[in-house]
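Remarks on the structure that follows.
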2 protein chains.
Amino acid sequence: MRSQLSTGTPDTGSQPRYAAIKAHIRAQIESGEWPAHFRVPSENQLAQDFNVSRMTARRALSELTDEGVLIRSQGLGTFVAEPVPAGSLLEVRNIADEVAARGHSYSNRILKLEQTTASTEVAVALGLAEGAAVFHSIIVHLDNDLPIQFEERYTNPTLVPEYLQQDFSAATPNEYLTRVAPLTEVDTTVEAIGADESVGSALDIKPGAACLQIWRRTKSSAGTVSFARLVHPGNRYRLGAQLRF
Amino acid sequence: MRSQLSTGTPDTGSQPRYAAIKAHIRAQIESGEWPAHFRVPSENQLAQDFNVSRMTARRALSELTDEGVLIRSQGLGTFVAEPVPAGSLLEVRNIADEVAARGHSYSNRILKLEQTTASTEVAVALGLAEGAAVFHSIIVHLDNDLPIQFEERYTNPTLVPEYLQQDFSAATPNEYLTRVAPLTEVDTTVEAIGADESVGSALDIKPGAACLQIWRRTKSSAGTVSFARLVHPGNRYRLGAQLRF
DNA sequence: TGTACATTCTTGTATATACAACTAATCAAT
DNA sequence: ATTGATTAGTTGTATATACAAGAATGTACA
């Protein structure tokens with residue numbers, strides 16, 4: 001318990017008290033004292049150890065969780081997060097292979113698979129008229145049941161009319177499209193974004209968390225085949241690329 | 001004021017109360033009702049409007065700030081953040097030109113400019129022996145006095161011996177290097193990261209905020225000239241690229 | 001044996017309060 | 001007219017408290 005009552009006063013010192021707790025936890029992790037999956041002291045324990053209120057200890061744990069250092073689970077406790085593995089952007093084009101190559105199990109969840117009408121942006125990207133029919137799919141790719149990629153894709157139905165009938169648990173959209181419409185050209189755009197709510201819930205990360213977003217327009221000899229947006233949680237899965245300008 | 005005392009109870013409803021406040025603020029912004037720089041109601045005002053405690057209103061504002069939607073300033077208030085402008089990754093190679101092309105003023109801050117010894121990684125990247133002398137610079141690039149790029153660079157002193165004597169307020173390192181050692185090849189790696197503390201303080205963003213990190217190794221005919229790490233705050237400045245695989 | 005319940009520990013939400021630190025504006029004294 | 005102190009309003013830090021909700025463990029009962 002605290003001795004004095006309600007002193008909202010940082011002890012004349014420079015940095016706030018929760019920062020000291022954060023620094024301590026970081027130090028334990030970086031020194032290797034607390035490895036991945038190590039169970040961090042509870043809020044009450046930290047409050048006692050550092051002689052602060054539970055809410056102050058809680059703030060330290062919450063911020064470190066937002067920063068991807070810790071993982072919290074109601075009822076269980078707080079644990080040290082796994083260090084981020086490194087992958088290759090080139091291999092992302094066959095994400096199932098990449099996961100398999102790592103010895104993990106690949107799976108996916110199909111959130112949407114429909115025919116809709118092209119918005120202005122989609123029409124321009126696919127070289128169709130505005131309002132024309134397009135296939136729209138949203139798929140989440142998982143590595144050992146952990147979401148690692150959010151894929152939203154618009155596909156040109158005149159070039160790939162049987163897209164909606166495919167079984168994407170057997171072959172990813174990218175694998176299928178590469179097979180039925182051999183690509184001649186790929187345009188790629190890369191950007192860092194904070195996750196919005198739809199991506200956040202699909203990838204099971206907080207809104208605002210660092211993500212790598214890749215826009216990819218694939219063309220075959222007959223025209224633009226599809227237009228995809230791939231989002232990777234940056235704090236869980238680090239991507240690299242060997243690109244040539 | 002609240003009528004009843006200390007009900008830590010979400011009103012049987014599904015989502016917490018701060019989420020409703022967040023949703024309301026988001027809606028105002030997205031509808032255009034609250035434009036950029038608009039002053040959002042204060043914590044006390046929101047607490048009154050939504051009949052919650054100040055701390056609950058505060059949580060909504062704080063989370064939206066972490067997510068890059070709002071900007072807070074002690075003593076002044078809370079404001080709607082500017083929507084992120086879009087730029088091109090290709091132009092990043094001449095960041096000063098890019099800023100100028102946007103009609104903004106370019107400037108930079110040199111945080112470090114020194115000669116040091118190569119670590120294992122740096123030695124491998126530059127093709128030097130471990131412990132060999134290398135030039136090390138850390139520069140922050142600013143657009144209208146707002147930090148938009150963190151540049152950490154290791155340069156090969158055998159190829160560019162006069163690197164440390166340069167005036168980088170006149171020409172950026174990239175411009176200078178391109179002039180003195182015409183490039184024949186560039187390797188680039190892209191990844192999304194959460195900002196660490198050193199980058200965060202240099203770019204004036206919170207640790208864990210979404211950033212685009214670019215590793216770039218530039219080679220000339222004589223060998224590897226330099227090895228740079230470029231970090232862009234993703235929530236302030238969106239980057240794109242037209243790359244070809 | 002096995003199911004159901006109670007207990008306990010954990011994190012999550014919410015409130016009320018206090019004081020610190022910063023900003024802008026007001027007003028008084030120089 | 002500039003300086004200086006005061007004041008009001010804002011965000012920032014910190015505490016104490018209460019209850020909700022999830023997870024694990026033990027215990028009583030069928």
Side-chain angles (χ1 to χ4, degrees), chain A residues 1-23 25 37-66 69-81 204 206-207, chain B residues 1-23 25 37-66 69-81 204 206-207:
Chain A
M1 294 294 149
R2 307 279 298 114
S3 47
Q4 75 271 36
L5 193 116
S6 77
T7 51
T9 317
D11 34 294
T12 76
S14 39
Q15 65 169 2
R17 303 212 220 188
Y18 64 81
I21 305 179
K22 286 177 67 176
I25 295 173
H37 306 118
F38 178 85
R39 180 171 174 166
V40 168
S42 72
E43 296 177 354
N44 284 316
Q45 188 61 50
L46 283 171
Q48 195 178 313
D49 293 352
F50 284 84
N51 205 240
V52 297
S53 78
R54 183 195 146 204
M55 285 321 229
T56 300
R58 173 179 179 73
R59 176 160 184 178
L61 293 175
S62 296
E63 292 199 358
L64 286 173
T65 301
D66 289 346
V69 177
L70 300 177
I71 294 176
R72 316 197 71 187
S73 169
Q74 189 170 359
L76 282 178
T78 305
F79 305 87
V80 175
D204 194 25
K206 296 201 114 188
Chain B
M1 295 298 147
R2 308 277 301 113
S3 46
Q4 74 273 34
L5 191 116
S6 78
T7 52
T9 318
D11 35 292
T12 77
S14 40
Q15 63 168 4
R17 303 210 219 190
Y18 65 79
I21 304 179
K22 285 178 67 176
I25 295 173
H37 306 119
F38 178 85
R39 179 171 173 166
V40 169
S42 71
E43 296 177 354
N44 284 316
Q45 188 62 49
L46 284 171
Q48 196 177 313
D49 294 352
F50 284 84
N51 204 242
V52 296
S53 78
R54 184 197 146 204
M55 286 320 236
T56 301
R58 174 179 180 72
R59 176 162 184 178
L61 293 176
S62 296
E63 291 199 358
L64 287 173
T65 301
D66 289 347
V69 176
L70 301 176
I71 295 175
R72 318 198 72 187
S73 168
Q74 189 170 0
L76 281 177
T78 305
F79 306 87
V80 175
D204 195 24
K206 297 200 115 192

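Each chain gets a letter, A, B and so on, in the order its sequence line appears, and its residues count up from 1. Just so it is clear, the model here is predicted, and its values are computed rather than measured.
Note on A/R72: a side-chain N or O is less than 4.0 Å away from OP1 or OP2 of C/dG12. OP1 and OP2 of D/dA16 both lie 4.0 Å or more from every side-chain N or O belonging to A/S53.
Look at CZ on A/R58: it is 14 Å from C1' on D/dA18, rounded to the nearest Å. As rounded to whole Å, 13 Å separates atom C1' of D/dT15 from atom CD1 of A/I21. Between the C1' atom of D/dC19 and the CZ atom of A/R54 lies a distance of 11 Å, rounded to the nearest Å.
Where B/S42 and A/M55 each meet DNA chain D at their nearest nucleotide, the meeting point lying more 5' is that of B/S42. Of the residues near DNA chain D, B/R39 and A/Y18, the one whose nearest nucleotide (by heavy atom distance) lies more toward the 5' end is B/R39.
Among the protein residues, B/R59 comes within range of the sugar-phosphate backbone only, with heavy atoms under 4.0 Å from sugar or phosphate atoms but none that close to a base.
Between B/D49 and B/I21 the shortest side-chain heavy-atom distance does not fall below 4.5 Å.
Each of A/K22, A/K206, A/R59, A/R72 was compared with A/D66 under the salt bridge (Lys or Arg N to Asp or Glu O under 4.0 Å) criterion, and only A/K206 meets it.
Which of C/dA14, C/dT11, D/dA24 sits closest to the side chain of A/N44 comes down to C/dT11. Among the nucleotides D/dT11, C/dA14, C/dG12, the one closest to any side-chain atom of B/P16 is C/dA14.
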